[in-house]
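By convention in this document, chain letters (A, B, ...) are assigned in the order of the sequence lines, proteins followed by strands, and residues within each chain are numbered from 1.
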Amino acid sequence: MTKKERYEYVIRYFEEHAPDAETELIYDNPYQLLVAVILSAQCTDKRVNMTTPAIFEKYPTVQDLSTATVEELFPLIKSISYPNNKTKHLIGMAKMVTEEYNGEIPKTVPELIKLPGVGRKTANVITSVIDHQPNMAVDTHVFRVSARIGLTTNAKTVLQAEKQLVQNFPADKIHIAHHWLILHGRYVCIARNPKCGICGIRPACKYYQKITKPA
DNA sequence: ATCCCGAGGG
DNA sequence: CCCTCTGGAT
């Protein structure tokens, strides 16, 4: 099967089985999404969703968050990964958005990436989810699943994987393909002992071909 | 022991 | 390129 055929198979499969794939992070507006995605680093969405309601209640807007102190915000974040870093990042992000963008979350990757706590992956998530910009956020799931199936080849960094995926998925599918790969990675193509037995991508998957017909 | 929707700094 | 940050789930 050619790479092109793999992509076509994957698109066809998920359009049938997960046509409404979207983030599992709970949010009502760009500010809440940005906070949730910053907190999501090395942490499950479920745990982020247990943390954010208290934050949004205490700090309803990004301007409110910009006035928070480390002492009062840290306890709300304490139970997720890297609480010290994330506390500083959230306050720094809120200050910059308030001071430099009039309290409006910027909508381009170059602007977002300048915000504290916002790297390439987070900026790609925000722009693709809010605006459907054709940016592919490559996290641990997308990286692993893409490599296994064979959507990426010899990608050693997330940036290399991102470029290959953006080149090969049609531009209008990229934002949803991100969620397809995430959800597949979370529930089927998991890191340890992937559930190939229930996987619908099998016919197009390099990894499955390899484990069933070793060279 | 390994993994979870990474970012920042050296 | 590497390392550190750092808690909870499996």
Side-chain angles (χ1 to χ4, degrees), chain A residues 14 18 20-27 30 32-52 54-55 70 73-97 105-106 109-149 151-152 154-162 165-166 169 174-195 207:
Chain A
F14 285 117
D20 301 314
E22 59 184 353
T23 180
E24 292 184 353
L25 294 171
I26 297 171
Y27 70 99
Q32 294 191 357
L33 179 64
L34 182 52
V35 169
V37 177
I38 289 174
L39 292 177
S40 72
Q42 296 299 90
C43 186
T44 61
D45 284 3
K46 190 175 291 183
R47 180 142 293 278
V48 172
N49 288 335
M50 288 167 31
T51 307
T52 46
I55 298 174
V70 171
L73 182 56
F74 179 81
L76 303 182
I77 300 176
K78 186 174 175 48
S79 64
I80 64 180
S81 305
Y82 317 136
N84 283 305
N85 287 344
K86 287 172 180 176
T87 300
K88 291 177 204 160
H89 288 161
L90 285 184
I91 296 173
M93 175 279 287
K95 283 188 192 300
M96 191 178 292
V97 170
I105 307 297
V109 168
E111 290 173 311
L112 284 163
I113 260 176
K114 291 181 196 164
L115 300 173
V118 180
R120 187 172 187 86
K121 177 252 164 181
T122 299
N124 283 336
V125 171
I126 302 298
T127 53
S128 65
V129 171
I130 299 290
D131 251 6
H132 287 191
Q133 290 179 38
N135 302 326
M136 176 65 76
V138 179
D139 58 35
T140 177
H141 291 306
V142 173
F143 189 81
R144 178 185 69 252
V145 173
S146 300
R148 277 190 185 149
I149 296 174
L151 299 178
T152 57
N154 300 321
K156 291 189 172 59
T157 67
V158 290
L159 190 56
Q160 289 171 10
E162 177 186 327
L165 292 167
V166 168
F169 273 112
I174 290 175
H175 70 95
I176 192 165
H178 165 70
H179 295 300
W180 288 338
L181 296 174
I182 294 263
L183 295 175
H184 194 62
R186 187 175 298 162
Y187 298 114
V188 180
C189 195
I190 55 180
R192 288 177 289 196
N193 302 110
K195 302 176 181 175
Y207 179 83

Quiz prompt | Contact letters for nucleotides 2-10 of chain C, in which S counts primed atoms plus P, OP1 and OP2 and B counts the base, heavy atoms under 4.0 Å | solution = ---BBBSSB

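Nucleotides B/dT2 and C/dC3 are separated by 16 Å at their P atoms, to the nearest Å. Taking atom P in both C/dT4 and B/dC5, the straight-line distance is 24 Å, to the nearest Å. Nucleotides B/dG10 and C/dT6 have their P atoms positioned 16 Å apart, rounded to a whole Å.
Rounded to an integer number of Å, the gap from A/Asn193 CG to B/dC4 P is 13 Å. Atom NZ in A/Lys46 sits about 15 Å away from atom C1' in B/dC5, given to the nearest Å. Atom NE2 of A/His178 and atom P of B/dC5 are 11 Å apart (whole Å). For A/Leu33 and B/dC5, the CG to C1' distance is 11 Å, given to the nearest whole Å. Here the P atom of nucleotide B/dA7 and the CD atom of A/Glu162 are 11 Å apart, to the nearest Å. Atom CG of A/Asn49 is separated from atom P of B/dC4 by 17 Å (rounded to the nearest Å). Here the P atom of nucleotide B/dC5 and the CG atom of A/Leu112 are 21 Å apart, to the nearest Å. Atom CD1 in A/Ile113 sits about 13 Å away from atom C1' in B/dG8, given to the nearest Å.
For A/His141 against A/Leu181, the heavy-atom pair with the smallest separation is CB-O, 4.4 Å. Residues A/Pro116 and A/Ile38 come closest through the heavy atom pair O-CD1, 4.2 Å. For the residue pair A/Val145 and A/Cys189, the shortest heavy atom distance occurs at CG2-CB, 3.9 Å. Shortest non-hydrogen contact noted between A/Ala161 and A/Val138 is CB-CG1, 4.2 Å. In this structure, A/Phe143 and A/Ala155 approach most closely via the heavy-atom pair CZ-O, 3.4 Å.
A/Phe14 has its ring centre less than 6.0 Å from the ring centre of A/His184.
Side chain of A/Ala191, nearest nucleotide from B/dA7, B/dC5, B/dC4: B/dC4.
Expressed to the nearest 0.5 Å, how far CD1 of A/Ile77 lies from CG of A/Asn84 amounts to 9.5 Å. If you take NZ on A/Lys46 and OG1 on A/Thr51, they are separated by 13.0 Å, rounding to the nearest 0.5 Å. Rounded to the nearest 0.5 Å, atoms CG (A/Asn124) and CZ (A/Arg120) are 5.5 Å apart.
Residue contacts shown for A/Thr51 are absent, as no nucleic acid heavy atom lies under 4.0 Å away.
Within residues 114-126 of chain A, the residues approaching DNA chain B are A/Leu115, A/Pro116, A/Gly117, A/Val118, A/Gly119, A/Arg120, A/Lys121, A/Thr122, A/Val125, by heavy-atom distance under 4.0 Å.
With DNA chain B read from its 5' end, the first of the two nearest nucleotides for A/His89 and A/Thr140 is the one closest to A/Thr140.
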Practice problem: Under the side-chain contact (heavy atoms from CB on, under 4.5 Å) rule, what do A/His179 and A/Thr23 come out as? Steps first, then yes or no, please. | Solution: CA-CA 7 Å; A/His179 295 300; A/Thr23 180; 3.8 Å; yes

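When the side-chain nitrogen and oxygen atoms of A/Arg144 are compared with OP1 and OP2 of B/dC4, one or more of them lie within a distance under 4.0 Å.
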